[in-house]
Protein chains: 2
Amino acid sequence: MKIDPDSTTGLSVQIAAAIRNSIVEGALIVGERLPSEAELAEQFDVSRSTVREALKRLAAQSLIKTQRGAFGGAFVNRMSYADATKQLVTTSTLLLSMNEVSFDTACEARFALEKACAPMAAKRRKPKQLKVMRAEIERQSVANLSDESFCTSDVAFHLALIDGAQNPVLSYQLSGSIEAMQPLMNMITFTARSRAEIVAIHTDILNAVEAFDGAKVSDALERLEAYTVKLAHTVMSEKDKARAKNGPSIRQL
Amino acid sequence: MKIDPDSTTGLSVQIAAAIRNSIVEGALIVGERLPSEAELAEQFDVSRSTVREALKRLAAQSLIKTQRGAFGGAFVNRMSYADATKQLVTTSTLLLSMNEVSFDTACEARFALEKACAPMAAKRRKPKQLKVMRAEIERQSVANLSDESFCTSDVAFHLALIDGAQNPVLSYQLSGSIEAMQPLMNMITFTARSRAEIVAIHTDILNAVEAFDGAKVSDALERLEAYTVKLAHTVMSEKDKARAKNGPSIRQL
DNA sequence: TGCAATTTAAATGTCAGACTTTTAAATGTC
DNA sequence: GACATTTAAAAGTCTGACATTTAAATTGCA
């Protein structure tokens with residue numbers, strides 16, 4: 001673990017990279033305690049603040065966790081599915097919101113992945129997933145639900161569906177593309193009619209999953225994708241019309 | 001953007017969260033310059049070092065980039081696909097290496113996603129992707145190639161395949177699951193025979209993609225998955241035997 | 001002896017202030 | 001006008017101090 005004080009890259013960046021490598025390569029294993037900040041400062045021949053900045057970088061990536069007090073310090077963190085999902089959602093959300101990704105492209109990716117998951121989910125689903133899906137459909141049917149709550153429930157429904165595949169890696173990967181789309185979905189105002197349509201398709205999915213019928217799930221997902229895209233286009237073209245009347249917008253989809 | 005000095009969570013964590021929210025919610029837009037560290041310190045009523053630690057956390061997530069010198073400062077970063085992919089690969093790699101995820105589970109997830117992508121790739125692929133795939137097959141056929149180089153080329157081949165779908169979001173998502181598996185694949189020693197088998201399947205994929213035949217691509221991917229799993233099991237059971245002779249191992253797959 | 005309260009020491013967290021380096025704009029010079 | 005110099009703003013780094021937290025060690029008491 002050596003760093004170059006004359007490099008143009010900052011010292012704290014180099015130190016973070018050095019420690020990150022040690023973790024990825026297995027030289028530092030889960031739960032292991034790193035040397036104290038003071039010791040690291042001496043080892044790398046930098047000040048304690050520089051070491052701290054490096055450690056904060058690693059903490060932001062969930063690579064380490066710090067604990068205060070005697071016998072505290074920085075410990076290599078076991079990356080949990082929850083940690084990883086949080087990271088993935090933040091990254092994906094920003095990627096989508098900052099890169100003029102069209103709604104259609106994001107939607108296509110999301111449903112392509114979900115459809116890949118559907119047959120497995122239909123085959124392996126447990127009562128637990130059916131229960132969650134049913135509960136979310138109930139919630140979505142409530143009349144006075146806000147658009148945002150509707151979207152949140154929608155996300156929960158689909159996460160339950162993919163959980164049915166009983167593959168945590170798949171759940172992790174998919175949760176990224178599904179949750180990251182929520183800000184985009186939140187832009188849509190759901191009329192009572194469109195909600196009824198979506199709930200109907202969700203019900204089809206639930207029934208198909210319950211019947212272990214993967215093909216039917218895929219079919220329903222395809223319909224849902226088509227309907228979602230159509231809905232988004234309608235909403236967006238209406239907003240376009242409003243924009244044309246009210247002058248240039250501040251931000252576009 | 002307010003923080004609570006009496007909270008148990010650290011000040012730099014709170015400040016990072018506050019700024020992150022401003023970015024995610026759109027209050028700070030891409031390219032915008034944050035106040036200088038000194039100004040932020042005054043605004044939040046903390047020391048400059050605390051502000052710096054907060055900024056380093058955000059920089060580690062590619063949310064901001066800092067520039068030195070006059071008219072420098074911290075700027076909201078446009079999350080690029082490259083940035084996002086790097087984050088995703090780091091996270092996924094650690095998730096897989098630290099959580100006793102079975103090879104089969106990771107492999108299943110990876111191929112499920114890739115199969116989802118295959119029909120689209122077959123339909124839309126451009127000469128560019130064919131060219132890359134062909135070049136990588138060439139590389140994989142070289143006799144004296146190291147196992148690691150073989151794996152690297154394997155990754156490049158599959159990335160080219162999914163690029164064929166012409167959906168950058170999909171490419172981003174998939175690159176995570178494919179690249180993150182590389183450390184697991186690197187544990188396998190590829191015999192000349194197994195390499196020949198893999199190259200043969202890759203060639204089938206290339207030909208099917210060239211012929212716009214999505215079904216054939218999916219079929220080939222299924223064979224590749226089965227073969228990969230079989231190969232991994234063979235290697236692992238042999239390592240198990242070696243372990244049984246040589247005593248307990250330090251790390252298991 | 002056994003347990004509860006207290007002390008202690010080792011860490012991280014925070015602060016304050018100084019100095020270094022980088023960088024672009026402003027200024028000066030030919 | 002083109003080029004060199006100065007300047008000022010900002011991040012990067014260093015030093016040293018103090019605050020806070022925490023678990024272990026010690027002490028005190030029954």
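Below, read A as the first sequence line, B as the second, and so on, with proteins coming before strands; counting in each chain starts at 1.
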### Query
For the side chain of B:R78 and the backbone of A:M98, is there at least one donor-acceptor N/O pair under 3.5 Å apart?
yes
### Query
What's the CG-P distance between A:L40 and D:dT13, to the nearest Å?
15 Å
### Summary
As its Watson-Crick or G-U partner within any shown strand, both distances under 3.5 Å, D:dA2 has C:dT29
### Query
Watson-Crick or G-U wobble partner for D:dA9, using a 3.5 Å limit on both distances?
C:dT22
#### Entry: Non-hydrogen side-chain atoms of A:I15 and A:S12 separated by less than 4.5 Å
no
### Query
How long is the line joining CD of A:E53 and P of C:dT14, in whole Å?
13 Å
### Query
Between B:K56 and A:E53, is the closest basic N to carboxylate O distance under 4.0 Å?
no
### Query
Atom CD1 of B:I15 and atom P of C:dT14: how far apart are they, to the nearest Å?
8 Å
#### Entry: Test log, rule salt bridge (Lys or Arg N to Asp or Glu O under 4.0 Å), inputs A:R124 and B:E108
CA-CA 14 Å; A:R124 305 181 191 162; B:E108 176 179 83; 2.6 Å; yes
### Task
Would you check if there is a donor-acceptor pair between the side chains of B:Q182 and B:T93 at a distance under 3.5 Å?
no
### Query
In terms of side-chain geometry, is the basic nitrogen of A:K65 or A:E32 positioned less than 4.0 Å from the acidic oxygen of its partner?
no
### Query
How would you list, by chain and number, every residue that makes a side-chain contact (heavy atoms from CB on, under 4.5 Å) with A:T85, sequence neighbours excluded?
A:V89, A:Y172, A:S175, A:E179
#### Entry: Under 4.0 Å protein heavy-atom contact, by nucleotide of nucleotides 3-11 of chain D - B base, S sugar-phosphate only
-----BBBB
Output one line per pair: protein atom, nucleotide atom from nucleotides 3-7 of chain C, and distance, for all N/O pairs under 3.5 Å.
none

### Message
Does C:dC15 have its OP1 or OP2 closer than 4.0 Å to a side-chain nitrogen or oxygen of B:T50?
### Response
yes
### Task
Check whether any side-chain heavy atom of B:F111 sits under 4.5 Å from a side-chain heavy atom of B:T228, and report yes or no.
yes
### Task
Take the protein atom CZ of A:F44 and the nucleotide atom P of D:dC14, then report the distance between them rounded to whole Å.
13 Å
### Task
Verify, without hydrogens or angle tests, whether B:S92 (side chain) and B:L88 (backbone) share a donor-acceptor contact under 3.5 angstrom.
yes
#### Entry: Separation of C:dG13 C1' from A:K65 NZ (nearest whole Å)
18 Å
